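Reviewing the structure listed below.
Residue numbers count from 1 along this sequence. Remember, it's 1-based here, ligands and their atoms both numbered in the order they're listed. Model, not experiment: these values are computed from the prediction.
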Amino acid sequence: MKLFKPLSICLLLALNILSHAQVSLVGAGKKVDPFHYEVVKNGQFRKASVSSAHPLASLVGAAIMEQGGNAFDAGIATQLALAVVYPGAGNIGGGGFMLARKSNGELIGLDYREAAPSKASRDMYLDKNGTVLSALSQFGDLASGIPGTIAGLFATLPYAKLPFKILIQPAIDLAENGFVISEKQVNDFNEQKDIFIKNNNHPIAFVKEGKWHLGDTLFQKELANTLKRIQKDGVKGFYEGETANMIVAEMQKGNGIISLEDLKNYTAKLRKPLEFDYRGHHIISFSPPSSGGIIINQMLKMIEKYPVGTYGFQTSKTVQLMIEVERRAYADRAEHMGDPDFWKVPVKTLTSDKYLTERMKDFVAEKAGSSTDVKAGTIHESEETTHISILDDLGNMVSITTTLNGGYGCKTMVGGAGFLLNNEMDDFSVKPGVPNMYGAIGGEANAIEPGKRMLSSMTPTLILKNKKPYVVIGTPGGTTIPTSVFQGIVNIIDFNMSASDAINKPKFHHQWLPDIVMIEKGFDANTKKHLQTMGYKLSDRGSIGRTEAIRILSDGKRETAADIRGDDSVAGF
Ligand code: DON
């Protein structure tokens, strides 16, 4: 009898999965209704939470968990759905990072960042006079690194429970049968029309005759076919065969350099997550080739010595201190950080107590520092991305940030394949000291080399309290990403805010160079005035980041919050 028990359980499981396969999640009147959905900014759920940039993607993630999937299943399905319903950043032609903590405490850092093609070279975006040709690193096929997302999803699969075929089906349905686009999406498509036409020599789904209107449905048949090839052939459905041939044909038309070999050789990599403590909480974040984990580690440790909670939320005293730690951390980013497989990033020193205490020695309260005086420390030692936060009933925490880099990436679709390519090559330092599209500068550590992964700011992060899951957080926003995560964490830990308040309060950002403080609308006017009298140059800015956060309350409920700055939406049960 005993012998047969596991067998019957297996059989039941298999039947369960089979029956799931037959239950279609997407369609009018179904769990994920592409024609009637609404943006939900907050929810308190007991078992499963998803917060992402689009309501349909969050609904897909929650429905997958309702069908028996865990947070990893939801992570895969939500990313694929975002590639359809949020094409400005959701992607299969881009890359990202997944940070997770399994319910048994195991940490996973998965790097599926794009890589430079084998024909890439250090000065490929300079003309013969050494002038930077940023149009080439930002638009068109040459701007694209080798996409990593599909490799990342398949590398996530061993942690998931459901078959990939089921996880990709909602995305296929959404692409094939269409979904009603939001007002923001209508405006976005209309604004991008000219640039889409300029950058594509074949018709693409986002361009229609005349204008897009509210209530219009977007159909993406070519994308649906690409997703079906991936469903049928797995990772090879993207990196080899018809899809790969289409990518290379696109490269030949558009002066790109990604080859069949580049695609075939691409792999996702496991990275050891970065861990540190902050005011009794344990923070887990992403290590290089993301700069995000190191930057938030540095910033939080630099402010930990000051009783920020007693200074008050966004008082000039608090904000000045936070600006100055941002300045110092971002100076280090420019000099010391790059792909660890190509450049020795001095992580230990950069995050050591001794080094950070030294970095703050020239901090003067009430007086603006200067980025001419604050350089990167000396080491002695051998707008468009998208974030998904997920938590399941077992306590698996999944934090994923993924990107095409700029909105709609390089704005060029792979002819016939229906997906946009990234413009991630611009995240390399194309020339030392010359700012990229986010104003970030870099040097040798982040110079272009074949196969190298460009430095990122993406900061998927997890927080444990009393060694138990507490917060899942992350955001898009280019170089402002670590700042947004930093401020979200401070808001939760130092100012005891709800997840929703923590992510939605106005933010400020300093990234060393340019030496200005960017200030989001709605920021306290008195604090602004006081900062100016201290000598800070302020620059108003529309919005900073679109953070998604989940916080577990002491009664076990999961406060699930989506950023108010976009169509971001939560789902769960
Ligand atoms: O990896 C990075 O740091 C950038 N490619 C992220 C770009 C981004 O967040 C744009 N979103 N608003």
Item to check | Enclosure of K375 NZ (heavy-atom neighbours >12, cutoff 6.0 Å) | outcome: yes
Checklist outcome for this item: If we number the atoms of ligand 1 from 1 as shown, the ones under 4.0 Å from a heavy atom of I481 are 9 (O)
Next on the checklist: Taking 4.0 Å as the limit for heavy-atom contacts, which would you say applies to M454 with ligand 1: side chain only, backbone only, both, or neither?
Outcome noted: neither
Item to check | Option set T403, D427, T475, criterion heavy-atom distance to atom 4 (C) of ligand 1, minimum | outcome: D427
Checklist outcome for this item: Note: ligand 1 atoms sitting under 4.0 Å from heavy atoms of M458 are 1 (O), 3 (O)
Item to check | salt bridge (Lys or Arg N to Asp or Glu O under 4.0 Å) contacts in which one or both residues fall within residues 498-516, not counting sequence neighbours | outcome: R327-D515
Item to check | side chain to side chain donor-acceptor pair (under 3.5 Å) partners of S389, counting only residues at least two apart | outcome: H387
Next on the checklist: Is there a polar contact between ligand 1 and G477, counting only N or O atoms under 3.5 Å apart?
Outcome noted: yes
Next on the checklist: Side chain or backbone, does P476 bring an N or O within less than 3.5 Å of an N or O on ligand 1?
Outcome noted: no
Checklist entry - Do the side chains of S371 and H510 get nearer than 4.5 Å, heavy atoms only? => result yes
Checklist entry - Going through the checks in order, is the ring-ring contact (aromatic ring centres under 6.0 Å, His included) test met by F196 and Y408? => result CA-CA 9 Å; F196 281 146; Y408 302 95; 5.1 Å; yes
Next on the checklist: Please determine whether any non-hydrogen atom of R113 lies less than 4.0 Å from an atom of ligand 1.
Outcome noted: yes
Item to check | Any donor-acceptor pair under 3.5 Å from Y37 side chain to V180 backbone | outcome: yes
Next on the checklist: Evaluate S457 for polar contact with ligand 1, using N/O atom pairs at a separation under 3.5 Å.
Outcome noted: yes
